[in-house]
2 protein chains.
Amino acid sequence: MSLLNMPFKALSDPTRRKIIQMLKEKDMTAGEIADNFSMAKPSISHHLSILKQAQLVIDERKGQNIYYSLNTTVFQEVVNWFFNIKGRSGGFENEEDKI
Amino acid sequence: MSLLNMPFKALSDPTRRKIIQMLKEKDMTAGEIADNFSMAKPSISHHLSILKQAQLVIDERKGQNIYYSLNTTVFQEVVNWFFNIKGRSGGFENEEDKI
DNA sequence: AATATAATTAGACATTTATCTAAATATCTA
DNA sequence: TAGATATTTAGATAAATGTCTAATTATATT
């Protein structure tokens, strides 16, 4: 699988995008994340696993809990794909903002 | 389906991302696009249909041909999602480049 | 009008995906 | 060590996805 394919597939699911948005605010345990959804915990665990495989998140066990946090590196690569499409304008309105 | 879900799903397939990259360079007919893949034409037609539903591309018939082109508006909305996650830094290295 | 070309639609099929419940693993605490 | 809590893994299943061939639609040409 290509480098970008896994993160793109991972981001194609709304639950996983919501998780990413939550982790933007703060690191969270699997349980805290699951509490924000009306979905069985194993389902969330599965989503976290896909985000982890895509290297969009990092996990670290602390005692009984496993904390999840964003891995901005792979994020940047996906963003770069869009920048490349848009001629590196990145959506800025002014010419000065372009690279 | 949420506004962003369709484009995200559409971009989760590598063939469709390749099509987007091709359309970045120039507008193309369905046939020209299909010639770049070792895939049956109806399969490409299906991919184009998904990109069209997601409003990532626009189609226009000219005689026997149907020309496809990028619709940057919806693109921008997807880019904005990433900007929002990344605190609107957009991946620029320098503070000055931020909005 | 008949034929050729460009593209889509229809329908079938195998694979992948998202979800669930039940069971297993890991850690903490009494 | 036994029990409680947090999380994952296993296995099942329904729905979605990507691909194909065959048929259809739309346009152009002779």
Side-chain angles (χ1 to χ4, degrees), chain A residues 1-23 26-71 78, chain B residues 1-23 26-71 78:
Chain A
M1 184 119 66
S2 96
L3 186 72
L4 272 181
N5 205 41
M6 291 187 72
F8 265 112
K9 280 238 184 293
L11 290 168
S12 73
D13 182 89
T15 299
R16 293 194 289 264
R17 285 199 304 279
K18 183 94 184 298
I19 291 172
I20 293 287
Q21 285 180 312
M22 286 164 40
L23 293 180
K26 65 172 196 299
D27 296 358
M28 295 172 83
T29 68
E32 284 171 342
I33 293 168
D35 289 343
N36 286 270
F37 297 91
S38 53
M39 193 181 289
K41 281 196 169 73
S43 302
I44 296 296
S45 191
H46 175 243
H47 285 304
L48 288 171
S49 164
I50 286 167
L51 288 170
K52 202 165 72 176
Q53 282 173 247
Q55 293 187 265
L56 286 166
V57 304
I58 293 161
D59 67 331
E60 185 186 3
R61 178 179 280 275
K62 284 181 185 168
Q64 275 173 303
N65 302 300
I66 297 180
Y67 278 84
Y68 283 87
S69 57
L70 276 188
N71 176 7
V78 180
Chain B
M1 184 118 66
S2 95
L3 186 72
L4 272 181
N5 204 42
M6 291 188 73
F8 264 111
K9 281 239 184 292
L11 291 168
S12 73
D13 182 88
T15 299
R16 293 194 290 263
R17 285 199 304 279
K18 183 97 183 298
I19 291 172
I20 292 287
Q21 285 181 312
M22 286 164 40
L23 293 180
K26 65 172 196 297
D27 296 357
M28 294 173 83
T29 68
E32 284 172 339
I33 293 167
D35 289 344
N36 286 269
F37 296 91
S38 53
M39 192 181 290
K41 281 196 169 71
S43 302
I44 296 297
S45 192
H46 176 240
H47 284 305
L48 288 170
S49 163
I50 287 166
L51 289 171
K52 201 165 73 176
Q53 281 174 247
Q55 293 187 266
L56 285 166
V57 304
I58 293 161
D59 67 332
E60 186 186 3
R61 178 179 280 275
K62 285 181 186 169
Q64 275 173 303
N65 302 301
I66 297 180
Y67 279 82
Y68 282 86
S69 57
L70 276 188
N71 176 8
V78 181

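Labels below follow one simple rule: chain letters A, B, ... track the order of the sequence lines, proteins then strands, and each chain is numbered from 1.
A:Ile44 places its CD1 atom 13 Å from the C1' atom of D:dT8, with the value rounded to the nearest Å. The CG-P distance, from B:Asn5 to C:dA18, rounds to 11 Å in whole Å. Here D:dT17 presents its P atom at 10 Å from NZ of A:Lys9, a figure rounded to the nearest Å. Remark: P of C:dA7 and CD of B:Glu32 are 8 Å apart, rounded to the nearest angstrom. We find that CD1 of B:Ile33 is positioned 11 Å from C1' of C:dA7, with the value rounded to whole Å. Residue B:Gln53 contributes atom CD, which lies 14 Å from atom P of D:dA16 at whole-angstrom precision. Here the C1' atom of nucleotide D:dT7 and the OH atom of A:Tyr67 are 13 Å apart, to the nearest Å. In this structure, A:Phe37 atom CZ and C:dT19 atom P are separated by 10 Å, rounded to whole Å.
Minimum interatomic distance between A:Met39 and A:Thr15 (heavy atoms only, all atoms of both residues): CE-OG1, 3.7 Å. The two atoms that bring A:Asn5 and B:Ser12 nearest to each other are OD1-O, 3.6 Å, heavy atoms only. Looking at every heavy atom in both residues, A:Leu56 comes nearest to A:Ile20 through CB-CD1, 4.2 Å. The minimum heavy-atom distance linking A:Ala10 with A:Arg16 is given by the pair O-NE, 2.7 Å.
Between D:dG18 and B:Arg16, a contact under 4.0 Å exists linking OP1 or OP2 to a side-chain N or O. At least one side-chain nitrogen or oxygen of A:Ser45 sits closer than 4.0 Å to the OP1 or OP2 atom of D:dT8. At least one side-chain nitrogen or oxygen of A:Ser43 sits closer than 4.0 Å to the OP1 or OP2 atom of C:dC20. At the phosphate of D:dT7, OP1 or OP2 sits under 4.0 Å from a side-chain N or O atom of A:Asn65.
Proximity note for A:Gln64 (side chain, C-beta onward) versus D:dG18, C:dT9, C:dT27: the nearest is C:dT27. The nucleotide whose nearest atom lies closest to any side-chain atom of A:Pro42 is, among C:dA18, C:dA10, D:dA10, D:dA10. Among the nucleotides C:dT8, D:dT8, D:dT19, the one closest to the side chain of B:Lys41 is C:dT8.
Residue contacts shown for B:Ala30 are limited to sugar-phosphate atoms, with no base heavy atom under 4.0 Å away. Within the 4.0 angstrom heavy-atom criterion, base atoms lie near B:His46. As judged by a 4.0 angstrom heavy-atom cut-off over every strand, B:Thr29 is placed among residues touching the sugar-phosphate backbone only. Within 4.0 Å of A:Tyr68, counting heavy atoms only, lie sugar-phosphate atoms of the nucleic acid but no base atom.
For the pair B:Asn65 (side chain) and B:Tyr67 (backbone), a donor-acceptor distance under 3.5 Å is absent. Using a distance-only test at 3.5 Å, with no hydrogens or angles considered, a donor-acceptor pair links the side chain of A:Arg61 to the main chain of A:Gly63.
Heavy-atom nearest nucleotides on DNA chain C were determined for B:Ile66 and for A:Ser12, and the one closer to the 5' end corresponds to B:Ile66. Residues B:Gly31 and A:Asp13 both approach DNA chain C. Their nearest nucleotides, taken by heavy-atom distance, put B:Gly31 toward the 5′ side.
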